[in-house]
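Comments concern the structure below.
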Amino acid sequence: MKATVSRKAHFNAAHRLYRKDWSMAQNDLVFGKCNNPNYHGHNYDLTVSVTGEINKETGFVVDVKTLSDLIKEHIENAFDHKNLNLDVSDFEDLNPTAENIAVVIWNKLRPYIDSENDLEVVLYETPRNFITYKGN
Ligand code: NI
């Protein structure tokens with residue numbers, strides 16, 4: 001019997017979308033207002049889901065407290081109230097688009113999730129714009 005356990009989380013962060021190797025004009029063309037040199041912020045909402053067999057002894061797929069602590073330690077503490085471009089080394093040479101942030105979050109959490117379980121990350125950059133990443 002399989003089930004999916006999900007935990008919601010939240011962080012506020014600033015970013016700027018641009019490529020260092022492109023001109024300002026090209027960055028403006030592709031990234032528009034998101035290329036503002038003075039950065040801009042988002043209230044990111046995150047849902048992390050783990051799918052797997054329900055353990056017969058515990059009745060859990062994963063202990064949600066453990067999942068919550070993992071997200072707190074590895075994601076919220078690392079990203080909340082940070083400038084993603086300047087403060088988070090993962091984005092030193094990686095454009096902090098919502099897509100790339102979702103991939104970075106998945107990669108940070110994956111080592112701590114039982115290898116038999118599936119991990120899915122859904123990241124809302126705005127209430128209407130969200131990204132799903134499942135590791136493929
Ligand atoms: Ni943005």
Side-chain angles (χ1 to χ4, degrees):
M1 246 184 344
K2 282 194 169 187
T4 299
V5 175
S6 298
R7 172 75 186 178
K8 288 187 176 181
H10 180 82
F11 58 91
N12 303 315
H15 72 170
R16 174 190 177 189
L17 301 186
Y18 75 113
R19 289 190 61 95
K20 292 171 189 171
D21 57 335
W22 286 1
S23 68
M24 190 67 180
Q26 192 174 1
N27 274 303
D28 270 339
L29 191 66
V30 174
F31 298 116
K33 281 194 242 175
C34 296
N35 177 40
N36 174 17
N38 292 329
Y39 306 93
H40 65 277
H42 292 283
N43 297 313
Y44 290 95
D45 278 313
L46 173 67
T47 303
V48 175
S49 298
V50 177
T51 300
E53 288 290 334
I54 301 174
N55 183 288
K56 287 197 172 67
E57 280 184 318
T58 62
F60 292 159
V61 173
V62 60
D63 184 339
V64 81
K65 172 72 165 74
T66 306
L67 186 59
S68 160
D69 289 346
L70 280 175
I71 297 167
K72 179 87 187 151
E73 182 184 347
H74 297 282
I75 310 305
E76 289 177 329
N77 288 352
F79 292 177
D80 191 38
H81 287 74
K82 298 289 170 64
N83 179 313
L84 297 177
N85 302 78
L86 301 180
D87 300 329
V88 181
S89 60
D90 302 86
F91 300 106
E92 201 174 306
D93 292 305
L94 182 67
N95 207 10
T97 60
E99 290 89 330
N100 283 335
I101 299 168
V103 171
V104 166
I105 290 170
W106 191 95
N107 286 333
K108 282 180 181 291
L109 294 177
R110 181 69 256 192
Y112 302 99
I113 304 298
D114 193 319
S115 60
E116 290 170 6
N117 292 342
D118 293 325
L119 175 65
E120 178 184 290
V121 163
V122 179
L123 181 70
Y124 281 77
E125 191 169 69
T126 74
R128 292 182 184 189
N129 299 339
F130 58 99
I131 307 298
T132 302
Y133 184 67
K134 303 175 187 181
N136 40 38

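Being a predicted model, the structure only gives us computed values, none of them experimental. Both counts, for ligands and for their atoms, begin at 1 and track the order of listing.
The aromatic rings of H15 and Y44 lie perpendicular to each other, with more than 60° between the two planes, well past the 30° mark. Ring geometry, F79 versus F11: the interplanar angle exceeds 60°, so the pair is classed perpendicular (tilted spans 30 to 60°).
Distances from the Ni ion (ligand 1) to the N/O/S atoms of H15 are shortest for NE2. Within H42, the N/O/S atom positioned nearest the Ni ion (ligand 1) carries the name NE2.
The Ni ion (ligand 1) has an N, O or S atom of H40 under 2.8 Å away, backbone or side chain.
When atom types are taken as modelled, the side chain of N85 and the backbone of R16 share a donor-acceptor pair closer than 3.5 angstrom.
Taking 4.0 Å as the cut-off between side-chain N and carboxylate O, K65 and D63 do not count as a salt-bridged pair.
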